[in-house]
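This report refers to the structure that appears directly beneath it.
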Amino acid sequence: MARARPLPQRSEPAALEQLLYILPRGLAIGALISAPMGPIGMLVIQRTLGKGRWPGMFTGIGAALSDLIYCLLTGFGLSFITDFIDEQQLWLQLVGGVVLAIFGVYLFRKNPTRSLKTASEMPANSFWSDFITGFLLTFSNPLILFFIVGLFARFCFILPDFGVGHYIFAYLCLLGGALLWWYGVTWLVNRLRRRFNVRSLRLVNRIIALILLAMAAIGVTMAVIDMAHTF
């Protein structure tokens, strides 16, 4: 009696695994790019405190779109050198960890409340102008590319075997993470409007900085261990 041939394996589980690989990393990177309380973070909080939640939210949407453009530039740049990424992945993780550490130290020492303006100093803007100013303020800081490269390398976000669908899903996740961050910030600030202490922003900055430093330490340690095993 002839033995039955095994059924061919379906590709759906593998595709699902790749999507589950992308989803949490994309959301995390999108949120982390938006999280540091720099000028755009201060502007979102100013507008939320002074004018309400939606002006602050539209400012955050503009910033998220600008971050997405920089992520696209980073991703497409890396996609052209996938062979290099595959061969130098450990070094990229090491460099990415160092970049995160430097950025974390910068955030820990920075006092974001120095640039805060009172609500009366802010002009009344439409949602459209809130969006435009958030976009332009974020887009005017191309140095964020180095931070994005560090996050992409730390999370191994761009893989050589990604297809077009993976890239589309990945960047939607990035945008979703950024929007979720600004949604949460504006919700919290609006909720605590009467009790919100602006000086506590420095504490928020330091908490974010410590998270980045911890991630950088883990990434550098893992890269060094892998390099030691390789050699």
Side-chain angles (χ1 to χ4, degrees), residues 21-46 48-49 56 59-60 63-64 66-68 70-71 74 89-116 134 137-138 141-157 173-192 195-227:
Y21 175 91
I22 294 171
L23 178 61
R25 288 167 173 79
L27 293 176
I29 293 174
L32 286 172
I33 293 172
S34 303
M37 288 296 172
I40 186 63
M42 296 303 301
L43 183 60
V44 169
I45 292 175
Q46 288 168 6
T48 304
L49 288 174
T59 305
S66 178
D67 289 335
L68 178 63
Y70 277 126
C71 287
T74 303
Q89 185 175 6
L90 296 180
W91 286 106
L92 283 174
Q93 287 185 3
L94 182 62
V95 172
V98 172
V99 171
L100 290 184
I102 293 173
F103 197 78
V105 172
Y106 168 78
L107 282 181
F108 190 85
R109 299 180 61 183
K110 183 177 176 63
N111 183 3
T113 61
R114 292 178 181 175
S115 60
L116 185 64
L137 181 60
T138 305
N141 181 26
L143 292 179
I144 197 173
L145 278 171
F146 294 100
F147 184 43
I148 294 173
V149 169
L151 288 173
F152 274 33
R154 171 62 188 88
F155 284 92
C156 300
F157 189 61
C173 290
L174 288 172
L175 181 62
L179 293 178
L180 284 174
W181 171 262
W182 293 123
Y183 184 87
V185 168
T186 55
W187 177 86
L188 181 62
V189 173
N190 189 62
R191 182 94 175 184
L192 304 177
R195 297 176 292 176
F196 193 81
N197 182 5
V198 178
R199 294 188 180 277
S200 64
L201 289 175
R202 189 169 189 177
L203 177 61
V204 173
N205 240 32
R206 290 191 167 184
I207 292 174
I208 296 171
L210 290 174
I211 294 174
L212 292 178
L213 288 171
M215 292 174 55
I218 294 173
V220 170
T221 301
M222 292 178 61
V224 170
I225 292 174
D226 290 341
M227 287 179 179

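Each residue takes its place number in the sequence, starting with 1. None of the values given here were measured: they were computed from a predicted structure.
One distance of note links CZ of Phe152 with CD1 of Ile33; it measures 6.0 Å at 0.5 Å rounding.
Taking the ring pair (Phe, Tyr, Trp, His ring centres under 6.0 Å) definition, one finds that Tyr70 meets it with Phe139, sequence neighbours left out. In this structure Ala101 satisfies the side-chain contact (heavy atoms from CB on, under 4.5 Å) test together with Leu213, Ala216, sequence neighbours excluded.
Of all the heavy atoms in Leu27 and Cys173, the pair that sits closest is CD2-O, 3.5 Å. Scanning all heavy atoms of the two residues, the minimum distance from Phe157 to Arg25 falls at CD1-CB, 3.8 Å. The nearest pair of heavy atoms linking Gly56 to Thr48 is CA-OG1, 3.5 Å. In terms of heavy-atom proximity, Phe155 sits nearest to Tyr21 at O-OH, 3.6 Å. Taking all atoms of both residues into account, the shortest heavy-atom contact from Leu32 to Phe147 is O-CE2, 3.6 Å. In terms of heavy atoms, Gly60 sits closest to Trp182 at O-CD1, 3.2 Å.
Tested against Leu174, the residues Leu179, Leu151, Ile29 include a single side-chain contact (heavy atoms from CB on, under 4.5 Å) partner, Ile29. For the side-chain contact (heavy atoms from CB on, under 4.5 Å) with Ile40, the qualifying choice from Asp67, Leu137, Ile45 is Leu137, the only one to do so.
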